[in-house]
Structure formats: structure tokens, C-alpha cells
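Data block below; observations after.
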Amino acid sequence: MPKIIILGLFASSFFLSLMEFVNMKFSRKFKKIIFDLFFLVLILVSALKTNETSFDTNNYVNHFINADPINNFSFLWYGWEPGFVLLNSLIKTFSNNYHVFFFVLTSIVLYLYRSIIFRYSNHIFLSLFTYVSCYFFLNEIVIIRFGLASAIVFYNIKNIVEGNKKKALLTVLLATMFHYTSIVTIIPVLLYRKENQKNLLHIYACIFLFMSVIFLLMPPLTMVAHLASVVNENLGNILWRVLRYQGFESSGSLKRIIIYFPFLLLLIIYFKNSFFQSCFSENKQQVVFVEILYLFSAIFFMITCRQVASLARLNAIFLPIIILSGENILQPCYKKDPFKYFYFLWIYLFNTYIFFRAIFFNSGGSINLT
């Protein structure tokens with residue numbers, strides 16, 4: 001993929017969010033039009049990728065080419081999650097062109113993100129910049145199964161906030177049909193309560209802190225491997241081979257905790273602050289509580305599953321929540337906050353770091369740049 005396109009999308013989303021921050025007088029309707037046009041460009045960029053864009057893209061192209069139309073589809077044969085394979089067959093029924101497949105898939109994903117951003121974000125261009133910087137190029141260009149599952153999990157915020165637990169659980173199941181790691185997102189659904197949220201936050205924080213300290217000192221996967229070795233030597237040997245990259249992965253995951261923890265900390269401070277109550281509507285407060293639950297879950301899995309690279313998806317599935325979390329730090333009522341420029345600088349440095357790290361310095365699953 002040409003560098004000029006990648007850098008152009010990054011710079012354009014940065015510029016739009018910068019205009020929004022300096023409070024240029026754009027109506028909400030006008031901003032939505034610009035936002036939709038930008039999303040349309042993103043859809044086209046994703047749809048036009050080829051099998052040379054990345055190693056993963058090549059696999060998805062080959063899978064689609066070899067997929068059977070829906071009239072020959074069978075759940076007895078699939079190499080990936082059944083929902084993703086079924087989607088391949090559905091689209092293959094109407095077109096043999098893999099660009100059509102990518103177009104439909106990305107359109108679904110971006111519609112889900114758009115729905116939640118328009119519903120809950122007051123700074124839609126900042127949310128756009130965070131999405132483009134941190135998620136679009138990896139999730140929608142490279143690891144598209146995980147990208148679709150992440151979008152469904154992100155959309156599930158709406159079901160949780162509205163208290164529709166049955167629908168939220170079904171949405172978790174749907175996401176799992178596209179990537180199995182999505183099953184862990186049942187945790188925020190089960191933990192969410194609309195009443196006594198401040199007291200619940202204290203309880204959850206204490207449990208989180210206690211378990212995090214325990215698992216930092218005694219990695220759970222190592223404990224399981226020791227126990228397995230006692231029960232069955234062969235099983236223990238298998239688990240120890242799985243953990244062969246333990247030191248490297250532990251280091252990488254702990255660095256990730258450092259860069260994401262400020263989001264959780266600031267959201268908790270805002271949520272507990274009485275000033276928060278006057279700045280946000282009741283519905284917005286519910287959204288922030290869900291964001292806190294998502295980040296609690298993400299950091300918990302960063303700690304507990306830090307020893308195996310493939311388990312990193314267990315925390316990454318929650319992380320698109322910062323598309324909203326970062327925006328909450330720059331709410332309009334904080335325009336007089338003397339720290340607003342610090343917030344602004346921190347969020348923009350974070351997005352820029354994640355973007356360049358993922359595009360130019362990623363050790364795996366990266367885009368082939370031209």
C-alpha cells in the first residue's frame with residue numbers, strides 16, 4: 001500500500017480533529033457530512049487492497065476465491081470462525097470479485113463505528129483521528145476477522161448502556177462467530193449495573209488491584225503449567241512450549257499497560273468527581289462507566305495473559321473503547337480546565353505513537369509499504 005495514502009489519511013484526520021479542538025464554528029450536521037465522506041474514502045481504500053497488501057490479506061483473498069456459494073455451504077467445512085466463513089459464502093453467491101467482499105465487510109465495520117461515534121461522541125473528529133491512527137490500518141486492512149469482531153464489540157456499548165442484557169449477550173455471541181477471543185467481552189456485560197455505580201466501582205477496583213498484583217507476582221499461565229506438569233508430564237511439556245516466549249511477551253505487554261492505564265485512571269477520576277455530574281448527562285455517565293469496565297477488562301488480560309503472543313487479542317478486543325474514552329477527556333465543559341492542553345497533547349502523542357508503531361515498526365501483521 002502506498003505510504004502517501006496512509007500518511008495522507010493520518011494527516012487529514014489529524015487536521016480535522018485539530019480544527020475541532022480550536023473550536024472552529026462547524027455545525028454538527030456539517031461535521032457529520034465531512035465525517036461520512038471521510039469514512040467513504042476509508043471504505044474505498046480498504047476495498048481496493050490486494051493480495052500483496054499484507055500476508056494476512058493474501059490469505060483472506062485466497063479464502064474468498066476458494067469459498068463456495070451459499071447453496072454449497074456447509075458448517076462441516078470451515079478453516080476459520082463459522083460466521084466469517086458464512087459471510088464469505090454469502091458474498092461469493094453474488095460476486096466472485098474479492099474487492100466486493102472487502103467493500104461489504106469494511107462497510108459493515110465502519111457503519112458500526114459510525115453509529116456509536118455519532119451517538120456518544122461530542123468530538124467526532126477526535127474520535128475519527130483515534131480510529132484512523134490506532135485501528136483502521138491494522139483491523140480493517142490486515143486482521144479483518146478480528147476487525148469485524150472488534151467493531152461488533154464496540155457497538156455492544158449501546159446494548160449495555162441501555163440495559164438490554166439479553167441483546168448484549170447475543171451480540172457477544174455474534175462477535176465470537178467472527179473471532180473466538182470475543183467471548184471474553186461477556187465480562188463487562190455481566191459486571192454492568194445501572195444502580196450504585198460508584199460503590200460498584202470501588203468493589204471492582206479493589207478486586208482488579210488484588211488480582212493484578214497476584215498475577216503480576218505469579219503469572220497464571222506459569223502456575224497452570226506447573227500444575228499440569230505434576231498431573232501429566234506430557235501435558236506440562238506442551239504448556240511449557242507454549243510459554244517459550246515468556247520473557248519477551250511479558251515485557252511487551254507490561255509496556256502496553258503503561259500507555260493505556262492513563263485512560264482508565266482519568267475516566268475513574270472524572271467519574272468520581274462531583275464536577276463530572278454537572279458536565280455530563282445521565283446517559284453519558286453510563287457510557288463512561290461501561291468504558292471503565294472495558295478498560296478494566298483489557299488491562300486485566302494484559303496482565304494475566306502477557307506470556308503468549310497469540311493471547312494478546314484477549315485485551316486488544318476491548319481497546320477500541322478509547323475512541324470514546326479519549327474524546328471524553330476533552331468534553332466541552334473542560335474548555336476552561338487549565339490542563340486541557342495537556343490532555344490534548346497527551347492524546348495526540350498517544351495516537352501518533354500507536355500509528356507509527358503499527359505502520360512502520362510492527363514486528364508482525366504489518367502492511368507492505370510501497
Side-chain angles (χ1 to χ4, degrees), residues 1-2 5 36-37 39-116 131 135-156 158-159 166-186 310 313 316-317 320 364-368 370:
M1 178 173 287
I5 293 178
D36 284 340
L37 290 174
F39 258 35
L40 180 59
V41 172
L42 294 181
I43 291 172
L44 293 176
V45 168
S46 178
L48 293 176
K49 61 178 176 277
T50 68
N51 57 342
E52 297 180 352
T53 301
S54 74
F55 176 80
D56 295 73
T57 308
N58 182 56
N59 289 336
Y60 290 125
V61 169
N62 290 334
H63 185 274
F64 178 78
I65 291 174
N66 294 319
D68 289 324
I70 194 64
N71 57 311
N72 293 326
F73 177 80
S74 172
F75 280 107
L76 298 178
W77 178 89
Y78 54 84
W80 284 317
E81 289 83 353
F84 183 78
V85 178
L86 177 60
L87 182 61
N88 274 260
S89 292
L90 284 172
I91 299 173
K92 186 67 175 288
T93 303
F94 300 98
S95 175
N96 291 319
N97 190 325
Y98 66 82
H99 292 297
V100 174
F101 170 69
F102 289 142
F103 178 85
V104 173
L105 184 66
T106 310
S107 297
I108 294 171
V109 169
L110 266 63
Y111 171 78
L112 295 174
Y113 279 113
R114 176 188 182 275
S115 299
I116 297 302
Y131 170 68
Y135 302 107
F136 172 73
F137 293 105
L138 181 61
N139 286 6
E140 274 61 81
I141 301 296
V142 183
I143 50 174
I144 61 176
R145 283 184 301 129
F146 184 78
L148 178 54
S150 296
I152 296 171
V153 170
F154 184 75
Y155 183 82
N156 206 25
K158 174 179 176 292
N159 298 325
K166 289 183 180 179
K167 193 172 181 180
L169 290 171
L170 288 174
T171 303
V172 170
L173 180 61
L174 176 63
T176 305
M177 292 298 99
F178 292 96
H179 205 280
Y180 291 136
T181 57
S182 304
I183 191 63
V184 299
T185 63
I186 197 173
S310 59
R313 301 281 172 84
I317 195 73
S366 57
I367 298 174
N368 296 325
T370 59

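Fair warning: this is a prediction, and the values are worked out from it, not measured in the lab.
- Between L105 and F84, the closest heavy-atom pair is CD2-CE1, 4.4 Å.
- Every residue meeting the side-chain contact (heavy atoms from CB on, under 4.5 Å) condition with L173, not counting sequence neighbours, appears here in chain and number order: M177.
- Put simply, CD1 on I144 and CG on L87 are 9.0 Å apart, with the number rounded to the nearest 0.5 Å.
- In this structure, the side-chain contact (heavy atoms from CB on, under 4.5 Å) partners of S89, at least two apart in sequence or on a different chain, are I70, F73.
- Side-chain atoms of D56 do not come within 3.5 Å of backbone N or O of I143 as any donor-acceptor pair.
- Screening residues 92-111 for salt bridge (Lys or Arg N to Asp or Glu O under 4.0 Å) gives no qualifying pairs among residues at least two apart or on separate chains.
- With sequence neighbours excluded, the residues that form a side-chain contact (heavy atoms from CB on, under 4.5 Å) with V41 are L9, V45.
- The OG atom of S54 sits 8.5 Å away from atom OH of Y60, with the distance rounded to the nearest 0.5 Å.
- N88 is linked by a side chain to side chain donor-acceptor pair (under 3.5 Å) to H63, counting only residues two or more places apart in sequence or in another chain.
- To the nearest 0.5 angstrom, I5 atom CD1 is 9.0 Å from F137 atom CZ.
- For F102, the ring pair (Phe, Tyr, Trp, His ring centres under 6.0 Å) partners two or more places apart in sequence, or in a different chain, are Y98.
- The two residues V172 and S182 make their nearest non-hydrogen contact at CG1-O, 3.7 Å.
- Evaluation of the ring pair (Phe, Tyr, Trp, His ring centres under 6.0 Å) rule for F146 yields H179 as partners, not counting sequence neighbours.
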**Request:** Before giving the answer on side chain to side chain contact (heavy atoms under 4.5 Å, CB included), spell out for I91 and V100 the whole-Å C-alpha distance, their side-chain angles and the decisive distance to 0.1 Å.
**Result:** CA-CA 8 Å; I91 299 173; V100 174; 4.2 Å; yes
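- Counting all heavy atoms, side chain and backbone alike, T50 lies closest to T57 at O-CG2, 3.0 Å.
- In terms of heavy-atom proximity, W80 sits nearest to N59 at CH2-O, 4.0 Å.
- No option in L112, V109, L174 other than L112 meets the side chain to side chain contact (heavy atoms under 4.5 Å, CB included) test with Y155.
- A pairwise comparison of heavy atoms in F136 and L42 identifies CZ-O, 3.4 Å as the closest pair.
- Screening residues 103-116 for side-chain hydrogen bond (donor to acceptor under 3.5 Å, both in side chains), with sequence neighbours left out, gives D36-R114, S46-T106.
- Rounding to the nearest 0.5 Å places CD1 of I116 at 9.0 Å from CG of N156.
- Listed by chain and number, the residues in a side-chain contact (heavy atoms from CB on, under 4.5 Å) with V184 are F301, L314, I317, F318 (sequence neighbours excluded).
- A salt bridge (Lys or Arg N to Asp or Glu O under 4.0 Å) check over residues 171-180, counting only residues at least two apart or in different chains, returns nothing.
- F101 contributes atom CZ, which lies 10.5 Å from atom CG of L90 (distance to the nearest 0.5 angstrom).
- Ring geometry for Y131 against F39 counts as tilted: the plane angle lies between 30° and 60°, on a 0 to 90° scale.
- Between Y180 and P82, the closest heavy-atom pair is OH-CD, 3.4 Å.
- Among pairs with a residue in residues 135-154, those fulfilling salt bridge (Lys or Arg N to Asp or Glu O under 4.0 Å) read E81-R145, at least two apart in sequence or across chains.
- Between the CG atom of L169 and the OG1 atom of T185 there is a distance of 9.5 Å, given to the nearest 0.5 Å.
- With sequence neighbours excluded, no residue satisfies side chain to side chain donor-acceptor pair (under 3.5 Å) with T53.
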